[in-house]
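Written below as structure tokens is the structure these notes are about.
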Amino acid sequence: MGVGAVVWDAGDLLCDFMCHPANSQQYIHNKTVLDLGSGTGVCGIVAAANGAKQTWLTDVKSLKGLNMNNLNMAREAFFAAGDEPAAVRGLENTDFASYWWGTELPEELHLAENKFYDVIIASDDLYDDDAFPPLLASLKLLVGPTTTVLFSYKRRMDSREVPFFEKLSTILDLRVDTHFGDKKYNETYIVVGRRLHTGPILG
């Protein structure tokens, strides 16, 4: 399963960010969420438990079992507690789909015509620069006029990460959240993105 089977600093940070009451209300509650490169599934599961209307965990097919096992454990825990109905609903409306970045979306991830996910979450998706072009292609495909991207990444090598964000900034208006991401997370940051304009961005 490799690097996808570990919860890294960026995943911890994104989970903390989404669990903050103000962020949960603004970005997650009653929203449709797609976890792009879900790894263990923990970030998408946390989004679901914070009241997302629908959540898709997406990664390579070999990680489906890990994602579903973790999702089912979360479901059992919240169902047993019985005191957080929004979390229970969110987890009930969560599933996994195999998706390779840069390819067409599988049928199950398609929304109604001209509809886009409210929120795309992405945690530590910059560890391999060979994946940057397909990652950008997927973001171009998935980001709609009102989509928010929550991008959590660990600063490792400016010489490759800065060009990625420069290219991403041609698609999204980006800002670093200054309230999250400090020494506790070893130079790991939350970047919030919104689409720059309302015209088409494919291409």
Side-chain angles (χ1 to χ4, degrees), residues 1 3-59 63 66-81 83-94 96 117-127 135 139 142-143 147-156 161 164-165 168 172-194:
M1 289 187 227
V3 295
V6 178
V7 180
W8 302 97
D9 288 340
D12 286 337
L13 173 58
L14 183 55
C15 289
D16 282 355
F17 179 87
M18 292 188 293
C19 286
H20 187 279
N23 294 334
S24 177
Q25 187 64 34
Q26 179 177 356
Y27 297 114
I28 303 300
H29 184 72
N30 207 32
K31 301 292 198 300
T32 55
V33 177
L34 188 143
D35 188 348
L36 193 59
S38 55
T40 63
V42 65
C43 292
I45 290 167
V46 166
N50 274 276
K53 179 166 59 178
Q54 179 187 36
T55 304
W56 278 99
L57 315 174
T58 70
D59 213 310
L63 289 174
L66 178 62
N67 277 251
M68 293 307 298
N69 285 342
N70 289 336
L71 174 59
N72 287 330
M73 285 192 291
R75 284 171 172 165
E76 290 173 6
F78 279 97
F79 293 175
D83 58 354
E84 296 192 49
V88 170
R89 285 194 301 271
L91 292 164
E92 284 179 335
N93 293 319
T94 301
F96 177 90
Y117 288 91
D118 296 316
V119 181
I120 307 296
I121 59 174
S123 168
D124 217 358
D125 286 354
L126 300 185
Y127 59 85
L135 176 57
L139 289 168
L142 289 163
V143 173
T147 302
T148 298
V149 179
L150 301 179
F151 206 100
S152 180
Y153 89 104
K154 184 177 184 66
R155 183 179 178 184
R156 294 185 176 93
E161 291 153 6
F164 172 83
F165 281 110
L168 190 60
L172 303 176
D173 177 30
L174 302 174
R175 67 173 179 83
V176 177
D177 189 282
T178 56
H179 300 291
F180 284 81
D182 53 23
K183 292 181 180 178
K184 174 183 175 183
Y185 299 99
N186 295 320
E187 290 202 80
T188 306
Y189 305 95
I190 295 286
V191 179
V192 179
R194 296 291 300 271

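Along the sequence shown, the residues carry numbers beginning at 1. What you see is a predicted model; the values in this text were computed from it and never measured.
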Quiz item: Would you say Phe79 and Val88 make side-chain contact, with heavy atoms under 4.5 Å?
Solution: yes
Quiz item: Among all residues two or more places apart in sequence or in another chain, which pass the side chain to side chain donor-acceptor pair (under 3.5 Å) test with Asn72?
Solution: Arg75
Quiz item: So does Arg194 have more than 12 non-hydrogen atoms from other groups sitting under 6.0 Å from CZ?
Solution: yes
Quiz item: Thr147: what forms a side chain to side chain donor-acceptor pair (under 3.5 Å) with it, not counting sequence neighbours?
Solution: none
Quiz item: Can you name the nearest heavy-atom pair linking Met18 to Ala47, along with the distance?
Solution: SD-CB, 3.9 Å
Quiz item: Sequence neighbours excluded, which residues qualify as ring-ring contact (aromatic ring centres under 6.0 Å, His included) partners of His29?
Solution: none
Quiz item: Is the closest side-chain heavy-atom distance between Leu91 and Leu71 below 4.5 Å?
Solution: yes
Practice problem: State the CG-CD1 distance between Asp16 and Ile190, to the nearest 0.5 angstrom. | Solution: 9.0 Å
Quiz prompt | Separation of Leu142 CG from Ile120 CD1 (nearest 0.5 Å) | solution = 4.5 Å
Quiz prompt | Heavy-atom pair of closest approach, residues Gly37 and Asp59 | solution = C-OD2, 3.3 Å
Quiz prompt | Spacing of CG belonging to Leu126 relative to CD belonging to Glu161, to within rounding of 0.5 Å | solution = 6.0 Å
Practice problem: Output the distance between atom CH2 (Trp56) and atom CG (Asn93), rounded to the nearest 0.5 Å. | Solution: 10.5 Å
Exercise. Kindly indicate whether the side chain of Ile121, heavy atoms from C-beta on, has any atom under 4.5 Å from the side chain of Tyr27.
Key: no
Quiz prompt | Residues in side-chain contact (heavy atoms from CB on, under 4.5 Å) contact with Glu84, at least two apart in sequence or another chain | solution = Phe78, Ala87
Self-check item: Results of side-chain contact (heavy atoms from CB on, under 4.5 Å) for Asp118 - residues two or more places apart only
Solution: Lys31, Thr32
Quiz item: In chain order, what residues pass the ring-ring contact (aromatic ring centres under 6.0 Å, His included) check against Tyr153, with sequence neighbours excluded?
Solution: Phe165
Quiz item: Of the non-hydrogen atoms in Val176 and Val191, which two are nearest, and what is the gap between them?
Solution: CG2-CG2, 4.2 Å
Quiz item: For Cys19 and Asn50, which heavy atoms make the closest approach, and how far apart are they?
Solution: SG-ND2, 3.6 Å
Exercise. Please name the pair of heavy atoms, one in Ala74 and one in Ile45, separated by the smallest distance, quoted to 0.1 Å.
Key: CB-CG2, 3.6 Å
Practice problem: Check Leu63 against Gly39 and note the closest heavy-atom contact, atom names and distance. | Solution: CD1-O, 3.9 Å
Quiz item: Is a side-chain N or O of Ser152 found less than 3.5 angstrom from the main chain of Ser123, in a donor-acceptor match?
Solution: no
Quiz item: Are any non-hydrogen side-chain atoms of Leu150 and Val192 less than 4.5 angstrom apart?
Solution: yes
Quiz item: Any side-chain heavy-atom pair from Phe151 and Leu174 closer than 4.5 angstrom?
Solution: no
Self-check item: Which residues share a salt bridge (Lys or Arg N to Asp or Glu O under 4.0 Å) with Arg156, sequence neighbours left out
Solution: Asp124
Quiz prompt | Euclidean distance, Thr188 OG1 relative to Asp9 CG, rounded to 0.5 Å | solution = 4.5 Å
Quiz prompt | From CG (Asn23) to CG (Leu14), nearest 0.5 Å | solution = 10.0 Å
Quiz item: Side chains of Ser38 and Phe96: does their closest heavy-atom pair fall under 4.5 Å?
Solution: yes
Exercise. Kindly write out the residues that satisfy side-chain contact (heavy atoms from CB on, under 4.5 Å) with Thr55, not counting sequence neighbours, or none if the list is empty.
Key: Val33, Ala48, Ala52, Leu57, Thr94
